[in-house]
Amino acid sequence: MIKIDDVVKQQLPDIRLGIVTAKVQVKPATKELKEELNDTAAMWKDEDFETVRSHPVMADLREAYKLLDADPNRYRPASDSLIRRIIKGKEIYSINNVVDIINMTSIETAYSIGGFDADKTGKDIILTKAPSGIDFEGIGRGHVNIENLPVLKDETGYFGTPTTDSVRTMITNETASILLIFYDFLCNFTLSSALDLTVEYLEKHARAENARSKIL
């Protein structure tokens, strides 16, 4: 079960989560997927940082961080960091087919997407606001102070924010089932199409089975 904490709902009454679940085959990305990822990244290469900030999904996310007393410039949402990397002319690294699909969808839609091994998360998940003094080991980031960030929590602890996900629940070559969570803070109308796009990519590039999406 996934739910949103009442405290978060009070501060962000329009918050929604997009959810995708599927059985997948995690493998190195094919040449075709890498080319699609590069083509998608190219849509941003001639833009500037102000265009990123003003994108409706990104602007909503940054405003939500401010309402939660989190600094969006210090803790950049993952989609913001990805797109800024492209504008700076840096490469988007290929990790594996599933992570590349998440990154490609994030670049295309500007949503920050949490990508998790569903077998490593608990049965009861809640999106809450991280209290002071809380951190976790972020993927490729070491220990990250997540105070005031919107964060996913299960029975074991905190594991995912729009800025970074934790090592504990990361997708690896051994992952067989995935849970993807799209953070939509101000009821953006593009969420449904972003979920549909993700399912399409997973079926095409990761042999996804039983792929399902919903909006919470």
Candidate pair Leu179 and Ile19, rule side-chain contact (heavy atoms from CB on, under 4.5 Å), full reasoning = CA-CA 7 Å; Leu179 167 65; Ile19 300 168; 3.7 Å; yes
Between [Y] and [X], is there a side-chain donor-acceptor contact under 3.5 Å, judged purely by atom types and distance?
X: Ser177; Y: Lys23; value: yes
X: Asp48; Y: Thr51; value: yes
X: Glu147; Y: Tyr75; value: no
X: Ser94; Y: Asp100; value: yes

Supply the atom-to-atom distance [X] [atom1] to [Y] [atom2], rounded to the nearest 0.5 angstrom.
X: Trp44; Y: Ile86; atom1: CH2; atom2: CD1; answer: 8.5 Å
X: Leu216; Y: Ile4; atom1: CG; atom2: CD1; answer: 5.0 Å
X: Lys90; Y: Leu82; atom1: NZ; atom2: CG; answer: 12.5 Å
X: Thr198; Y: Met104; atom1: OG1; atom2: CE; answer: 9.0 Å
X: Glu36; Y: Ile101; atom1: CD; atom2: CD1; answer: 9.0 Å
X: Glu108; Y: Asn103; atom1: CD; atom2: CG; answer: 12.5 Å

Stepwise side-chain contact (heavy atoms from CB on, under 4.5 Å) check, Leu195 with Ser192 = CA-CA 5 Å; Leu195 298 179; Ser192 180; 5.7 Å; no
Out of curiosity, does [Y] fall in the hydrophobic cluster containing [X] (side-chain heavy atoms, cut-off under 4.5 Å, transitive links)?
X: Ile92; Y: Val52; value: yes
X: Met58; Y: Tyr65; value: no
X: Leu127; Y: Leu180; value: no
X: Ile95; Y: Val98; value: yes
X: Ile107; Y: Phe49; value: yes

Using atom types as modelled and distance alone, determine if a side-chain donor or acceptor of [X] lies under 3.5 Å from a backbone N or O of [Y].
X: Asp80; Y: Arg76; result: no
X: Gln11; Y: Leu67; result: yes
X: Lys214; Y: Val20; result: no
X: Thr164; Y: Gly160; result: no
X: Ser106; Y: Ile102; result: no
X: Ser112; Y: Ser79; result: yes
X: Asn97; Y: His205; result: yes
X: Asp5; Y: Ile126; result: no
X: Asn96; Y: Val99; result: yes

Which atoms form the tightest heavy-atom contact between [X] and [Y], and what is the distance?
X: Ala211; Y: Glu203; result: CB-OE2, 4.2 Å
X: Met170; Y: Asp117; result: O-CB, 3.7 Å
X: Val199; Y: Ser213; result: CG2-CB, 4.3 Å
X: Leu61; Y: Pro77; result: CD2-CG, 3.1 Å
X: Thr121; Y: Ala118; result: OG1-O, 3.2 Å
X: Leu68; Y: Asn148; result: O-CB, 3.4 Å

Check the angle between the aromatic planes of Phe182 and Tyr111 and answer parallel, tilted or perpendicular using the 30° and 60° thresholds.
-> perpendicular
Would you mind checking if Glu91 and Arg85 are paired as a salt bridge, meaning a charged N to carboxylate O distance below 4.0 Å?
-> no
Salt-bridged, Arg84 to Glu47, with N to O below 4.0 Å?
-> no
Contact between [X] and [Y] at the side-chain level, heavy atoms closer than 4.5 Å - yes or no?
X: Ile15; Y: Tyr183; result: no
X: Leu191; Y: Ile215; result: yes
X: Leu17; Y: Ile2; result: yes
X: Ile178; Y: Leu202; result: yes
X: Val151; Y: Lys129; result: no

Salt bridge (Lys or Arg N to Asp or Glu O under 4.0 Å) partner of Asp154, chosen from Lys3, Lys123, Arg168, Lys120 | Arg168
Give a yes or no on this: more than 12 heavy atoms of other residues, nucleotides or ligands lie within 6.0 Å of atom CD of Glu209.
-> no
Taking everything shown except Arg207 itself, do over 12 heavy atoms lie less than 6.0 Å from its CZ?
-> no
Check whether the ring centres of Phe159 and Phe116 lie less than 6.0 Å apart, and answer yes or no.
-> yes
Might you work through the side-chain contact (heavy atoms from CB on, under 4.5 Å) test for His55 and Ile83, ending with a clear yes or no?
-> CA-CA 11 Å; His55 186 286; Ile83 294 170; over 6 Å; no
